[in-house]
Undergrad: 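Following this message is one structure expressed as structure tokens.
Values below: every heavy atom of this structure, side chains too, minus hydrogens, waters and symmetry copies. All chains are named by letter (A, B, ...) in the order of the sequence lines, taking the proteins before the strands, and each is independently numbered beginning at 1. Keep in mind that this is a model prediction, so the values were computed, not measured.
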2 protein chains.
Amino acid sequence: MKKKNSTQRNREQSMQKLVDAVGKIIIRDGFKNIGINAVATEARLDKVLIYRYFGGLDGLLREFAKQRDFYIKTSELINKEVEYTGKDGLKSVIIKILTGQLRELLGSRELQELMLWEMLEKNELTGAIAREREMKGFELSMALKRKMDIRNNDSDAVIALLVSGIYYLVLRSRTVDVFNGIQLNSEEGWQKVENAIKQIVNTYFNQ
Amino acid sequence: MKKKNSTQRNREQSMQKLVDAVGKIIIRDGFKNIGINAVATEARLDKVLIYRYFGGLDGLLREFAKQRDFYIKTSELINKEVEYTGKDGLKSVIIKILTGQLRELLGSRELQELMLWEMLEKNELTGAIAREREMKGFELSMALKRKMDIRNNDSDAVIALLVSGIYYLVLRSRTVDVFNGIQLNSEEGWQKVENAIKQIVNTYFNQ
DNA sequence: AATTTTAGTCACCATTCGGTGACAAAGATA
DNA sequence: TATCTTTGTCACCGAATGGTGACTAAAATT
């Protein structure tokens, strides 16, 4: 079997076109408008290929999720920083991680759509993606806990609450301009959120 | 025109059946499965009545939203408490409000579905409902701000972050059991969240 | 060169969607 | 009693959905 790069009749290229079509639709219309017909039309290919190459829409979506690594990368990058940071520098590391997650999610429309999807449908697919991401976050919380005082066993709930707040605000900014007086569609508003994060972390982790 | 309570040919009763069908579907299948056909089937009535009595699905949904008051009631109830509370009691009032919102949202499946809906669709309907709720929350933030130190102008962002965190955790609990090590489907987990809220508020609003 | 495998197009299916017109019967009005 | 309005059922429409079988033609195998 020789591989030819002829523009016609190229299976790999067609498969990639279909995967890319998924991303385009998610960014343009959101995940809820994804369907066999929509993807095939977007890719300018016939929908029967989705069944042949991926076994159906689910398989295609799985391949899509595999290609883009959908988890918060900042966690992994800075995770080890926690280990080698003294108790004093811990606060700034936490702040760096949280603001990093804020900015990363804010910058990735695809990730936003995926997280919304996870929130209202419990697929095998969304479950798998979410599980991977949650594991990263959990590692962070555990790493923090080892550094913290043992008698303070609610630090993970505090982190969870802050991360959740970040997630909600970013996802909410898609459909609303103002939340609790915070401008969700201007850099000024996000600066205020970042400041709030810093202040909470600095005051809470001082005790 | 005499009003008769005959079981057949009763307009008001049929209208109410349609409105109730909306609620049933939202609770059972979520908002995304709401459609003309589904509502009519659930109400055991013909869909043409939805057009005649409500002008369409939108009008029916508006009536549905009007009947149930979809906003966080705790805010309104405790709002005035803020005014007549000294600076010392302020922390406990904030905690009471936040935990109240947590419990209220946790207890209302309908409200959860509605908030999810607001997050991913920008209807005239979802917009109106959201706007009303946001106003209540904003009033609270403003009332707090008046009590607080003027130089601290990020308290509203802190509140917004906490409220957002509460919203996200509750909504996430619909499709996931654990978030950051917090058990979202057990009272124990929510106790931890409440404790985290208390600790954050107590440390932050101490300065 | 002949044959088999593969990539891709096309036509079609049953189902469901939102939406509408026609019609029968019940109730109100005269 | 006769007429008119209202309530509700039914049948249908076009469009879009997910899904499949038949076919053409390119490419690989023999």
Side-chain angles (χ1 to χ4, degrees), chain A residues 1-22 24-26 28-64 117 120-126, chain B residues 1-22 24-26 28-64 117 120-126:
Chain A
M1 253 215 217
K2 286 183 183 176
K3 285 202 175 178
K4 295 213 172 182
N5 287 346
S6 61
T7 49
Q8 302 150 349
R9 303 183 68 79
N10 186 331
R11 173 169 178 158
E12 285 184 22
Q13 184 178 299
S14 293
M15 289 177 76
Q16 195 55 46
K17 273 186 186 175
L18 290 169
V19 173
D20 293 341
V22 171
K24 286 180 191 170
I25 293 178
I26 283 184
R28 172 159 35 83
D29 309 318
F31 58 90
K32 77 194 179 86
N33 290 349
I34 282 209
I36 289 279
N37 293 306
V39 173
T41 304
E42 178 70 35
R44 296 175 177 277
L45 287 170
D46 198 278
K47 58 182 170 181
V48 80
L49 300 183
I50 297 176
Y51 292 102
R52 280 225 274 263
Y53 297 156
F54 302 97
L57 187 60
D58 276 7
L60 175 56
L61 293 177
R62 228 185 312 273
E63 178 60 30
F64 170 75
W117 191 13
L120 59 88
E121 245 174 301
K122 208 175 178 174
N123 294 339
E124 175 202 352
L125 175 64
T126 58
Chain B
M1 255 217 216
K2 285 183 184 177
K3 284 202 176 179
K4 296 212 171 183
N5 286 345
S6 61
T7 49
Q8 303 150 348
R9 302 185 68 77
N10 186 331
R11 172 168 179 157
E12 286 184 23
Q13 184 177 300
S14 294
M15 290 177 76
Q16 194 55 46
K17 274 185 185 175
L18 289 169
V19 172
D20 292 341
V22 171
K24 286 179 191 171
I25 293 178
I26 284 184
R28 173 160 33 84
D29 309 317
F31 59 89
K32 76 193 179 88
N33 290 349
I34 282 211
I36 289 279
N37 293 306
V39 174
T41 303
E42 178 71 35
R44 295 176 178 277
L45 287 169
D46 199 277
K47 57 182 171 180
V48 80
L49 301 182
I50 297 176
Y51 293 101
R52 281 224 272 264
Y53 296 156
F54 303 97
L57 187 59
D58 275 8
L60 175 56
L61 292 177
R62 229 185 312 273
E63 177 60 29
F64 170 75
W117 191 11
L120 58 89
E121 247 174 300
K122 209 173 179 176
N123 294 337
E124 175 202 354
L125 174 63
T126 58

Undergrad: Rounded to the Å, how far apart are A:L49 CG and D:dC23 P?
TA: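 Distance check: A:L49 CG to D:dC23 P gives 19 Å.
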
Undergrad: In this structure, how many angstroms lie between the P atom of D:dG19 and the CG atom of A:L60, rounded?
TA: 13 Å

Undergrad: Check every atom of D:dG19, C:dT20, D:dG8 against the side chain of A:Y51 and return the nucleotide holding the closest atom.
TA: D:dG19

Undergrad: With nearest nucleotide decided by heavy atoms, which residue, B:R11 or A:R52, maps closer to the 5′ end of DNA chain D?
TA: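 Of the two residues, B:R11 wins.
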
Undergrad: Tell me: CD of B:Q13 to C1' of D:dT7, nearest whole Å?
TA: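 Taking atom C1' of D:dT7 as the reference, CD of B:Q13 is at 12 Å.
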
Undergrad: C:dT6 base to A:R9 side chain: any donor-acceptor pair below 3.5 Å?
TA: yes

Undergrad: What is the distance, to the nearest angstrom, from the CG atom on B:N33 to the P atom on C:dT16?
TA: 14 Å

Undergrad: Starting at atom CD1 of B:I34, determine the distance to atom C1' of C:dG18, rounded to an integer number of angstrom.
TA: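 After rounding, the reported distance stands at 15 Å.
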
Undergrad: With a cut-off of 3.5 Å and sequence neighbours excluded, list every side-chain donor-acceptor pair involving residues 50-63 of chain A.
TA:
| residue | atom | partner | partner atom | Å |
| --- | --- | --- | --- | --- |
| A:R62 | NH1 | A:E124 | OE1 | 3.2 |
| A:R62 | NH1 | A:E124 | OE2 | 3.2 |
| A:E63 | OE2 | A:Q67 | NE2 | 3.3 |

Undergrad: So for the helix from C:dA1-D:dT30 to C:dA30-D:dT1, with five pairs setting each end axis, what is the inter-axis angle to 10°?
TA: 10°

Undergrad: So, using salt bridge (charged side-chain N to carboxylate O under 4.0 Å, His left out) as the criterion, who are the partners of B:D46 when residues are at least two apart?
TA: none

Undergrad: Could you work out, with side-chain hydrogen bond (donor to acceptor under 3.5 Å, both in side chains) as the rule, every residue matching A:N37, not counting sequence neighbours?
TA: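 A:N37 satisfies side-chain hydrogen bond (donor to acceptor under 3.5 Å, both in side chains) with A:K47 once adjacent residues are dropped.
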
Undergrad: With sequence neighbours left out, what residues match B:R44 under salt bridge (charged side-chain N to carboxylate O under 4.0 Å, His left out)?
TA: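 For B:R44, no residue satisfies salt bridge (charged side-chain N to carboxylate O under 4.0 Å, His left out) once neighbours in sequence are set aside.
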
Undergrad: Counting only heavy atoms and a strict 4.0 angstrom limit, can you tell me which residues of residues 36-48 of chain B come near DNA chain D?
TA: B:L45, B:D46, B:V48

Undergrad: Any ion pair linking B:R28 and B:E42 (charged N to carboxylate O, less than 4.0 Å)?
TA: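 B:R28 and B:E42: salt-bridged.
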
Undergrad: Figure out the CG/P separation between A:L57 and D:dG19, and round it to whole Å.
TA: 8 Å

